[in-house]
Novice: 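So that we are looking at the same thing, I have put the structure below in structure tokens.
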There are 2 protein chains.
Amino acid sequence: MTARTPDSARDIPEATVARLPVYLRALTGLAESGTTTCSSEELAATAGVNSAKLRKDLSYLGSYGTRGVGYDVEYLRYQIAREIGVTQDWPVVIVGIGNLGHALANYSGFRSRGFRVVALLDADPDRHEEVVAGLDVRSFEDLESIVADNAVSIGVIATPAVAAQSVADRMVAAGITSILNFAPTVLSVPDGVDVRKVDLSIELQILAYHEQRKSVAPGAEVVS
Amino acid sequence: MTARTPDSARDIPEATVARLPVYLRALTGLAESGTTTCSSEELAATAGVNSAKLRKDLSYLGSYGTRGVGYDVEYLRYQIAREIGVTQDWPVVIVGIGNLGHALANYSGFRSRGFRVVALLDADPDRHEEVVAGLDVRSFEDLESIVADNAVSIGVIATPAVAAQSVADRMVAAGITSILNFAPTVLSVPDGVDVRKVDLSIELQILAYHEQRKSVAPGAEVVS
DNA sequence: AGGAGTTTGTGAACGGGAGAACAAAACGAG
DNA sequence: CTCGTTTTGTTCTCCCGTTCACAAACTCCT
Ligand SMILES: NC(=O)c1ccc[n+]([C@@H]2O[C@H](COP(=O)([O-])OP(=O)(O)OC[C@H]3O[C@@H](n4cnc5c(N)ncnc54)[C@H](O)[C@@H]3O)[C@@H](O)[C@H]2O)c1
Ligand SMILES: NC(=O)c1ccc[n+]([C@@H]2O[C@H](COP(=O)([O-])OP(=O)(O)OC[C@H]3O[C@@H](n4cnc5c(N)ncnc54)[C@H](O)[C@@H]3O)[C@@H](O)[C@H]2O)c1
């Protein structure tokens, strides 16, 4: 019987943290369709996970359900949002406004999920005349002042791979402590800085591996 | 002593499969910089993983190193590429040529890693006049014939979330067995079809969670 | 040829996550 | 108030993945 600190039941497993946003999305969907209460079974189906896993995940946050009834959609949604930290708005800077940077800047889904793009930066002076998604593309040299003025702690790297490490170094020096990296490179950053990478080529290669094996052995597998 | 089938040492752990593309990228980098031989330590550092893990991963493919020496960069690169299946070219279709679809279509990294975009499809007739990255944007109705004519088995979904499931259903019916999904929805597909999802909002939310906790407890953590 | 030095490949210990199963709690009917 | 039904929260077990540590294998030097 661990005396559970009721206010801050800390250290949520990483695997659970990665699923909380999925639950949040599912709950938002349920709320929009008018559902006010749902069981772990329903929510699990909507989120595409096992219901036991869902319940265990939620138990790390606290006891927000009612036995025999289920969960209040709106209440649980708020609790998860609070736990993740998306009840507040997070300012974000995007560096590298090329093909991908444009798409990211124009994406409305970030805003609706608690993130606000405060600046678009690019090293190429030709880009600086452009206005993307209502924001001026500014010089990369402005990074430090923008980070300081807007209390930015999250940065997105969408530059070519060769530039990524130097951009990351500069971000870290400017005070950014979380980086989402789209460039296909391993970034090295000091302790205390989180890096997550998104590599589309790797995803395709994983699919190709399984695809190749389907041709010989029909052992099918669904990776979600 | 499991009699290791030398030609097909099958069932590589999923976690290893996900890292093989990283090793491949690291090896390509080493090869380009003129390195012909490397130790597991060097390669692990380049790929950003533990060297013991790297060696164990490679051991699933076979014994391609030489004790006391290391690995032949070019030889190992080929072996990994063959194992993943990227020695051949994989035809790919992209559905939903909006912000993200444009970026994907223009991305040269796919081509250089064994993937060839054979068609860009969109439901919006206004898009059909467009030429992106040297390809006509074609009607979604052409899906079946394109898949059949080009033996496409991999599809990319970059449509809004509401359309994603119906696009996936249509892809599966047309014969596609691997899907990379960018829409923030859970797709349900029959057994035998692989789905991988890329959700940028989830990545940001995971960063936000850790960021939020940094403010209170300085227990830093690097997630790569 | 033999020994010293390197580096691989793998056995074994460890930790974390997934899922089954169940006891505890809430609710409603009678 | 009591019993039956529903559903949560949690315990327990199993499996996968990570990491350590070391014997086996190879090279080079003397
Ligand atoms: N486009 C895609 O769909 C896609 C897919 C997967 C991965 N990626 C990766 O994302 C990254 C960006 O891709 P892209 O297609 O947008 O490339 P891009 O060449 O279109 O854009 C890169 C932008 O970064 C800017 N830049 C270069 N060096 C910079 C620096 N030091 N500081 C600031 N800005 C700098 C360039 O001026 C350019 O505008 C690449 O690393 C690419 O490998 C892209
Ligand atoms: N843009 C981004 O950076 C970004 C980031 C994260 C996630 N996403 C997700 O990626 C998806 C695409 O984003 P986007 O910004 O490119 O959206 P978008 O609206 O710019 O483009 C969507 C395209 O899909 C087409 N489409 C709609 N229904 C279709 C159907 N049934 N069949 C074929 N085509 C159809 C539309 O005509 C449009 O061209 C969305 O689900 C979005 O949530 C985008």
Side-chain angles (χ1 to χ4, degrees), chain A residues 1-6 9-20 22-23 27 30 35-73 75-76 79-80 83 206 221-224, chain B residues 1-4 6 9-20 22-23 27 30 35-73 75-76 79-80 206 221-224:
Chain A
M1 198 218 310
T2 22
R4 177 180 296 278
T5 336
R10 296 301 137 193
D11 68 274
I12 295 178
E14 194 55 35
T16 297
V17 172
R19 280 187 296 265
L20 289 179
V22 180
Y23 303 153
L27 285 167
L30 286 174
T35 314
T36 61
T37 290
C38 72
S39 69
S40 64
E41 207 75 46
E42 290 174 71
L43 183 54
T46 314
V49 301
N50 183 294
S51 71
K53 182 152 60 177
L54 169 75
R55 287 200 298 278
K56 182 176 283 194
D57 284 343
L58 294 184
S59 76
Y60 291 115
L61 313 190
S63 265
Y64 296 136
T66 309
R67 298 176 189 220
V69 178
Y71 300 92
D72 182 278
V73 170
Y75 181 62
L76 183 59
Q79 293 299 337
I80 294 180
E83 190 67 39
I206 294 171
E221 189 185 352
V222 178
V223 183
S224 170
Chain B
M1 199 220 308
T2 22
R4 177 179 294 281
R10 295 301 138 192
D11 67 273
I12 295 179
E14 194 54 36
T16 297
V17 172
R19 280 187 297 266
L20 290 180
V22 180
Y23 303 152
L27 285 166
L30 287 174
T35 314
T36 61
T37 290
C38 73
S39 69
S40 65
E41 207 76 46
E42 288 175 71
L43 183 53
T46 314
V49 301
N50 182 295
S51 72
K53 181 151 61 176
L54 169 75
R55 286 199 300 277
K56 178 156 283 193
D57 283 343
L58 294 183
S59 76
Y60 291 115
L61 313 191
S63 265
Y64 296 136
T66 309
R67 299 178 188 217
V69 178
Y71 300 92
D72 182 277
V73 171
Y75 181 62
L76 183 58
Q79 293 300 338
I80 294 181
I206 294 171
E221 188 185 353
V222 178
V223 183
S224 169

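Residue numbers start from 1 in every chain, and the chains themselves are labelled A, B, ... in the order their sequence lines are given, proteins ahead of strands.
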Novice: For the pair made of NZ in A:Lys56 and P in D:dT8, what is the distance, rounded to whole Å?
Specialist: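 Between P of D:dT8 and NZ of A:Lys56: 16 Å.
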Novice: Which atom names give the shortest non-hydrogen contact between A:Thr37 and A:Val73, and what distance separates them?
Specialist: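 Shortest heavy-atom separation between A:Thr37 and A:Val73 comes out as N-CG2, 3.8 Å.
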Novice: I need the CG-P distance between A:Leu54 and D:dG9, as an integer number of Å.
Specialist: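 Nearest whole value for this atom pair: 10 Å.
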Novice: Can you check the B:Leu76 CG to C:dT8 P distance for me, whole Å?
Specialist: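 So the CG-P distance, B:Leu76 to C:dT8, works out to 11 Å.
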Novice: Strictly below 4.0 Å: does B:Asn50 bring a side-chain N or O up to OP1 or OP2 of D:dC20?
Specialist: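 It does, given that an N or O in the side chain of B:Asn50 lies less than 4.0 Å from OP1 or OP2 of D:dC20.
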Novice: Would you kindly give the CD1-to-P distance between B:Ile12 and D:dC16, to the nearest whole Å?
Specialist: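 The answer, rounded to whole Å, is 15 Å.
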Novice: Taking only side-chain N and O atoms of A:Ser39, does any of them lie within less than 4.0 angstrom of OP1 or OP2 on D:dT7?
Specialist: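 False: A:Ser39 side-chain N/O out of range (4.0 Å or more) of D:dT7 OP1/OP2.
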Novice: When the distance from CZ of A:Arg19 to C1' of C:dG19 is rounded to whole Å, what number comes out?
Specialist: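 The distance from CZ of A:Arg19 to C1' of C:dG19 comes to 11 Å, rounded to the nearest Å.
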Novice: For a quick test of reading the model: is some side-chain N or O of B:Tyr60 closer than 4.0 Å to OP1 or OP2 of D:dC16?
Specialist: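 So the side chain of B:Tyr60 is outside the cut-off, no N or O lying under 4.0 Å from OP1 or OP2 of D:dC16.
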Novice: Looking only at heavy atoms, which two atoms of A:Leu30 and A:Cys38 are closest? And how far apart?
Specialist: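 Nearest pair, atom of A:Leu30 first, then A:Cys38: CD1-SG, 4.0 Å.
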Novice: Calculate the interatomic distance between B:Leu58 atom CG and D:dT18 atom C1'; express it in whole Å.
Specialist: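 The distance from CG of B:Leu58 to C1' of D:dT18 comes to 15 Å, rounded to the nearest Å.
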Novice: Could you state the interatomic distance from CG (A:Leu76) to CG (A:Leu61), rounded to the nearest 0.5 Å?
Specialist: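 If we round to the nearest 0.5 Å, A:Leu76:CG and A:Leu61:CG are 7.5 Å apart.
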Novice: With respect to the side chain of B:Ser59, which nucleotide from D:dT8, D:dT18, C:dG9 is positioned closest?
Specialist: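 Nearest nucleotide to the side chain: C:dG9.
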Novice: What residues, two or more places apart in sequence or in another chain, satisfy salt bridge (charged side-chain N to carboxylate O under 4.0 Å, His left out) together with A:Arg19?
Specialist: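 Salt bridge (charged side-chain N to carboxylate O under 4.0 Å, His left out) check on A:Arg19 returns A:Asp57.
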Novice: Could you tell me the separation between the OG1 atom of B:Thr35 and the CG atom of B:Asp72, rounded to the nearest 0.5 Å?
Specialist: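 One gets 11.5 Å once the value is rounded to the nearest 0.5 Å.
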Novice: Under 3.5 Å, which donor-acceptor pairs link side chains of residues 41-50 of chain B to any protein atom two or more places apart or in another chain?
Specialist:
| unit_1 | atom_1 | unit_2 | atom_2 | d |
| --- | --- | --- | --- | --- |
| B:Glu42 | OE2 | B:Ser39 | N | 3.2 |
| B:Thr46 | OG1 | B:Glu42 | O | 2.9 |
| B:Asn50 | OD1 | B:Ala52 | N | 2.7 |
| B:Asn50 | OD1 | B:Lys53 | N | 3.4 |

Novice: Verify the contact: side-chain N or O of B:Tyr71 to OP1 or OP2 of C:dG9, cut-off strictly under 4.0 Å; return yes or no.
Specialist: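 Yes, because at least one side-chain N or O of B:Tyr71 sits under 4.0 Å from OP1 or OP2 of C:dG9.
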Novice: Using whole Å, report how far CG of A:Leu61 lies from C1' of D:dT10.
Specialist: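 After rounding, the reported distance stands at 15 Å.
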Novice: If each of A:Glu41 and B:Asp57 is mapped to the nucleotide of DNA chain D with the nearest heavy atom, which maps nearer the 5' terminus, i.e. the 5' end?
Specialist: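 Nearest nucleotide further toward 5': that of A:Glu41.
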Novice: Which parts of nucleotides 21-28 of chain C does protein reach within less than 4.0 Å, heavy atoms only, written one letter per nucleotide 5' to 3' as B for base, S for sugar-phosphate only and - for none?
Specialist: B--BBSS-
Novice: Closest to the B:Ser40 side chain: C:dG11, D:dG17, C:dT8?
Specialist: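 Within the option list, the nearest is C:dT8.
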Novice: Calculate the interatomic distance between B:Glu14 atom CD and D:dG17 atom P; express it in whole Å.
Specialist: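 Those two atoms, CD and P, are 8 Å apart.
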Novice: Decide side-chain contact (heavy atoms from CB on, under 4.5 Å) for A:Leu58 and A:Tyr64; before the verdict, give the C-alpha distance in whole Å, the side-chain angles of both, and the deciding distance to 0.1 Å.
Specialist: CA-CA 8 Å; A:Leu58 294 184; A:Tyr64 296 136; over 6 Å; no
Novice: If only side-chain N and O atoms of B:Lys53 are considered, is one of them under 4.0 Å from the OP1 or OP2 phosphate oxygen of D:dT19?
Specialist: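 Answer is yes, contact under 4.0 Å.
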